[in-house]
Protein chains: 2
Amino acid sequence: MLSGVSQSTVSRVFREGAPVSKTTRKKVEAAAAALNYSPNQIARSLITQRTGLIGVVITDPSNRAYPDVLFYLGQEIQESGGRMLVVALPRDGETAGATREILAYHVDGIISSAILDDASIEMCVPAHVPVVLFNRSTSNANTSTVGCDQHAGMELLVQHMAAAPTGRVSLLAGPEWAPVSKDRMQGAVYALTRCGIEFAPVMHSDYTFEGGRQSTRALLSGADGPQTVICANDAMALGVMDACRFELGLRVPEDVAVTGFDDIPQADWPSYRLTTIRQPVRRMAKATVRMLMELIEGTASSGERRLLMPELRVRASSREGPAG
Amino acid sequence: MLSGVSQSTVSRVFREGAPVSKTTRKKVEAAAAALNYSPNQIARSLITQRTGLIGVVITDPSNRAYPDVLFYLGQEIQESGGRMLVVALPRDGETAGATREILAYHVDGIISSAILDDASIEMCVPAHVPVVLFNRSTSNANTSTVGCDQHAGMELLVQHMAAAPTGRVSLLAGPEWAPVSKDRMQGAVYALTRCGIEFAPVMHSDYTFEGGRQSTRALLSGADGPQTVICANDAMALGVMDACRFELGLRVPEDVAVTGFDDIPQADWPSYRLTTIRQPVRRMAKATVRMLMELIEGTASSGERRLLMPELRVRASSREGPAG
DNA sequence: CTGTTAGCGCTTTCAC
DNA sequence: GTGAAAGCGCTAACAG
């Protein structure tokens with residue numbers, strides 16, 4: 001070594017709590033600075049069995065719906081001393097290939113906001129790589145998950161709605177296979193039924209603004225008088241609002257009340273002021289990373305399902321109750 | 001080895017173009033499948049000097065402005081056989097620390113949509129890690145960049161504007177330190193001057209919808225009659241539109257014409273229909289990854305600056321010219 | 001075509 | 001406190 005010490009000593013300098021004298025530490029640090037040296041994490045991981053890498057799986061749709069999630073996850077992971085190895089999937093579907101590749105990098109753990117199929121999850125078990133699902137569920141009882149209580153969110157929304165005249169109620173769901181949409185719609189149906197509010201059969205769309213816009217005419221047809229549309233997410237709700245106003249000549253909320261779910265930034269824009277349910281995305285990200293880290297440390301056991309409570313955001317797109 | 005062959009043979013099976021007999025290959029593959037084995041990329045990288053990792057640096061603001069970029073980069077990187085190591089910075093600022101950590105993972109290359117400071121770029125040179133900047137510039141002449149021709153974009157916009165009466169023209173820039181905003185504003189000023197259109201002194205905001213909204217009153221004050229506001233990005237432009245309509249009682253485009261830059265999805269929503277400049281984000285991502293891969297392969301040399309041409313998107317927020 | 005050997009850059013015993 | 005030696009899982013050069 002150019003600093004005049006052995007390799008082991010250099011190694012000790014770059015690890016905390018290793019026994020090194022102040023003098024040699026200084027010497028080594030000086031040499032390292034001069035050579036712009038920093039230890040190769042990759043080589044280290046070979047022996048420590050820790051890469052510091054966290055595999056993060058996202059899909060195009062999930063990324064579009066929550067552009068911040070990846071960023072939040074990144075921040076939390078970095079604060080915990082890890083790095084994100086991101087795998088971007090074009091759509092939901094088979095994930096075993098991607099999982100295998102992630103595993104080939106010997107990540108310390110995996111976070112997925114994509115729907116991981118059973119094969120993928122079962123690959124992680126023998127590899128001792130813990131998995132935490134973000135706003136996703138799985139049949140595998142041993143997998144930890146963090147999510148938002150979609151069902152409770154819809155109940156909040158329906159309770160709010162029920163305080164004012166609703167007219168005919170229609171429901172606009174996301175894609176048929178989307179579990180989050182399903183949870184939300186089930187919550188809405190349950191709450192509506194409990195409140196004794198009738199509703200039209202659920203229509204499905206694709207979670208996008210365009211999808212919401214194009215579904216509006218069909219959604220509202222065959223009924224007179226005021227109506228209410230409950231959408232499975234904000235993007236579709238905003239599409240419905242624009243379709244009402246610019247294509248059907250209807251006023252929101254006077255003719256059609258609209259609600260969403262997510263509380264994306266646009267929901268608060270003056271053009272929309274959409275009543276919606278706020279998912280605590282930031283807290284969800286924090287909880288996800290924390291849970292994964294505990295799994296990695298071995299201080300928690302797998303299979304925990306943590307549901308965070310969303311909040312109602314009442315804005316002008318829904319009718320006011322008698323009190324308002 | 002449990003398949004009854006040597007380790008080197010196993011290694012050969014998992015590398016393409018290595019000489020292995022069909023029989024042994026089958027044997028090894030069977031054993032691998034049974035054990036769910038796949039080679040450790042990390043260990044491999046130690047000897048091949050290739051990790052397959054591409055460091056990607058993003059910031060909160062850049063991620064918010066172009067949520068798709070990271071996804072597109074990911075897709076392109078994965079198609080080229082690489083993986084993304086993402087570092088998320090809370091804001092633009094010092095980047096040397098983050099760079100050092102990325103380098104510690106011996107990435108094959110780095111893509112940054114954050115402003116990398118000189119110290120960071122100069123750390124990558126001795127490490128032989130090529131860097132490509134995404135929509136960013138640097139004083140380091142040896143660094144490759146891919147970006148959008150902001151200047152040309154604004155010229156397209158001004159030419160379009162000049163075909164119709166503009167009234168008083170004001171400019172709303174992004175933060176003072178933001179290079180992209182600066183490029184765009186310089187382009188606008190140049191084009192306006194060339195067209196002989198006068199304009200008020202440039203105002204600065206923060207690139208956000210809220211920022212645009214709050215700047216509007218000041219922007220439009222002290223003038224009667226129709227006006228035109230040229231914004232450095234779409235988010236602010238949409239904020240200006242909403243402020244005009246919902247706070248100042250002004251019509252767009254009749255009283256105030258508004259233009260943006262980026263062509264974010266919301267720009268095309270019926271509530272806004274914002275005239276703007278479309279950055280070819282997808283193509284930019286592709287070009288960035290391609291350039292980096294060539295740098296890594298050694299088939300290209302560094303320092304290239306590639307500017308892609310943006311497109312004008314005329315919508316209802318700007319006034320129509322005599323022909324329209 | 002296949003096995004043997006050395007070694008990538010680090011950490012970890014174990015002496016000293 | 002510090003150095004020497006072994007070895008993490010793989011690939012590369014060389015025999016056979």
Side-chain angles (χ1 to χ4, degrees), chain A residues 1-32 34-53 81-83 85 100-108 123 126-129, chain B residues 1-32 34-53 81 83 85 100-108 123 126-129 296:
Chain A
M1 290 285 122
L2 302 183
S3 57
V5 298
S6 78
Q7 196 191 135
S8 350
T9 307
V10 176
S11 169
R12 281 189 266 260
V13 169
F14 282 97
R15 244 168 330 134
E16 52 191 46
V20 199
S21 78
K22 281 214 145 100
T23 351
T24 43
R25 155 159 273 130
K26 285 263 175 281
K27 240 188 329 191
V28 172
E29 279 170 351
L35 298 175
N36 218 309
Y37 166 88
S38 75
N40 183 340
Q41 290 292 335
I42 293 284
R44 157 184 290 190
S45 79
L46 220 53
I47 182 88
T48 59
Q49 305 284 29
R50 280 284 162 84
T51 53
L53 294 174
R83 296 268 152 255
L85 188 71
R100 190 182 308 277
E101 293 197 11
I102 295 178
L103 256 20
Y105 278 96
H106 284 221
V107 295
D108 294 344
M123 283 173 66
H128 301 291
V129 175
Chain B
M1 288 283 121
L2 302 181
S3 57
V5 298
S6 78
Q7 198 192 131
S8 353
T9 307
V10 177
S11 169
R12 281 189 267 259
V13 169
F14 284 95
R15 245 166 329 135
E16 51 192 45
V20 199
S21 77
K22 279 211 148 103
T23 351
T24 42
R25 154 159 274 131
K26 283 262 175 281
K27 242 191 325 196
V28 172
E29 279 170 352
L35 300 174
N36 219 309
Y37 167 87
S38 76
N40 183 340
Q41 291 291 337
I42 292 286
R44 158 184 289 189
S45 78
L46 221 51
I47 182 86
T48 60
Q49 305 285 29
R50 280 285 162 85
T51 54
L53 294 174
R83 296 267 151 254
L85 187 72
R100 190 182 308 274
E101 294 197 11
I102 296 177
L103 257 20
Y105 279 96
H106 284 221
V107 295
D108 294 345
M123 284 172 66
H128 301 290
V129 174
I296 293 173

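The chains referred to below are lettered A, B, ... by the order of the sequence lines, with proteins before strands, and numbering in each begins at 1.
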Checklist entry - A/Pro19 side chain: which of D/dA12, D/dT2, D/dA4 is closest? => result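 Among the listed nucleotides, the one closest to the side chain of A/Pro19 is D/dT2.
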Looking at [X], does any N or O in its side chain come under 4.0 Å of the phosphate oxygens OP1/OP2 on [N]?
{"X": "A/Thr24", "N": "D/dT2", "result": "yes"}
{"X": "B/Ser11", "N": "D/dT11", "result": "yes"}
{"X": "A/Thr9", "N": "D/dG3", "result": "yes"}
{"X": "A/Arg15", "N": "C/dT12", "result": "yes"}

Item to check | A/Ser8: partners by side chain to side chain donor-acceptor pair (under 3.5 Å), with sequence neighbours left out | outcome: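 With sequence neighbours excluded, A/Ser8 shows a side chain to side chain donor-acceptor pair (under 3.5 Å) to A/Ser6, given in chain and number order.
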Under 3.5 Å, N/O pairs linking protein and nucleotides 7-9 of chain C:
unit_1, atom_1, unit_2, atom_2, d
C/dG9, N2, A/Ala43, O, 3.4

Checklist entry - Does any N or O donor sit under 3.5 Å from an N or O acceptor when you compare the side chain of A/Arg25 with the base of D/dG1? => result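 Per atom types, no contact qualifies.
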Next on the checklist: Could you check whether the side chain of B/Ser8 and the base of C/dT4 have a donor-acceptor pair of N or O atoms closer than 3.5 Å, going by distance alone?
Outcome noted: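 In this structure, the two groups form a donor-acceptor pair.
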Checklist entry - What pair of heavy atoms forms the shortest contact from B/Arg12 to B/Val20, and how long is it? => result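 Scanning both residues, the minimum pair turns out to be CB-CG2, 3.7 Å.
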Item to check | Nearest non-hydrogen partners of A/Ile42 and B/Tyr105, listed with the distance | outcome: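 Closest pair (atom of A/Ile42, atom of B/Tyr105, distance): CG1-O, 3.5 Å.
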Item to check | Five-pair end axes of the helix from C/dC1-D/dG16 to C/dC16-D/dG1, angle between them (10°) | outcome: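 The end axes of the helix from C/dC1-D/dG16 to C/dC16-D/dG1 are about 30° apart, to the nearest 10°.
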Could you state the atom-to-atom distance from [atom1] of [X] to [atom2] of [N] in whole Å?
{"X": "B/Phe14", "N": "D/dG9", "atom1": "CZ", "atom2": "C1'", "value": "13 Å"}
{"X": "B/Lys22", "N": "C/dT2", "atom1": "NZ", "atom2": "C1'", "value": "18 Å"}
{"X": "A/Arg12", "N": "D/dG3", "atom1": "CZ", "atom2": "P", "value": "8 Å"}
{"X": "B/Ile42", "N": "C/dC10", "atom1": "CD1", "atom2": "P", "value": "14 Å"}

Item to check | Side-chain (A/Ser38) to main-chain (B/Ala104) donor-acceptor, under 3.5 angstrom | outcome: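 Here the side-chain-to-backbone pair does not exist.
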Next on the checklist: Checking B/Arg100 now: which residues fulfil salt bridge (charged side-chain N to carboxylate O under 4.0 Å, His left out) with it, not counting sequence neighbours?
Outcome noted: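 For B/Arg100 there are no salt bridge (charged side-chain N to carboxylate O under 4.0 Å, His left out) partners, ignoring immediate neighbours.
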Next on the checklist: Test of understanding: with salt bridge (charged side-chain N to carboxylate O under 4.0 Å, His left out), list the residues that count as partners of A/Arg15, not counting sequence neighbours.
Outcome noted: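 In terms of salt bridge (charged side-chain N to carboxylate O under 4.0 Å, His left out), with neighbours along the sequence ignored, A/Arg15 is linked to no residue.
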Checklist entry - Would you call B/Arg50 and B/Ile296 a side-chain contact if the rule is heavy atoms closer than 4.5 Å? => result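 Yes, their side chains come closer than 4.5 Å.
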Item to check | Residue from A/Val5, A/Thr9, A/Val13 passing side-chain contact (heavy atoms from CB on, under 4.5 Å) with A/Arg25 | outcome: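 Only one option passes, and that is A/Val13.
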Item to check | All side chain to side chain contact (heavy atoms under 4.5 Å, CB included) counterparts of B/Ala43, not counting sequence neighbours | outcome: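 Side chain to side chain contact (heavy atoms under 4.5 Å, CB included) check on B/Ala43 returns A/Leu46, B/Asn40.
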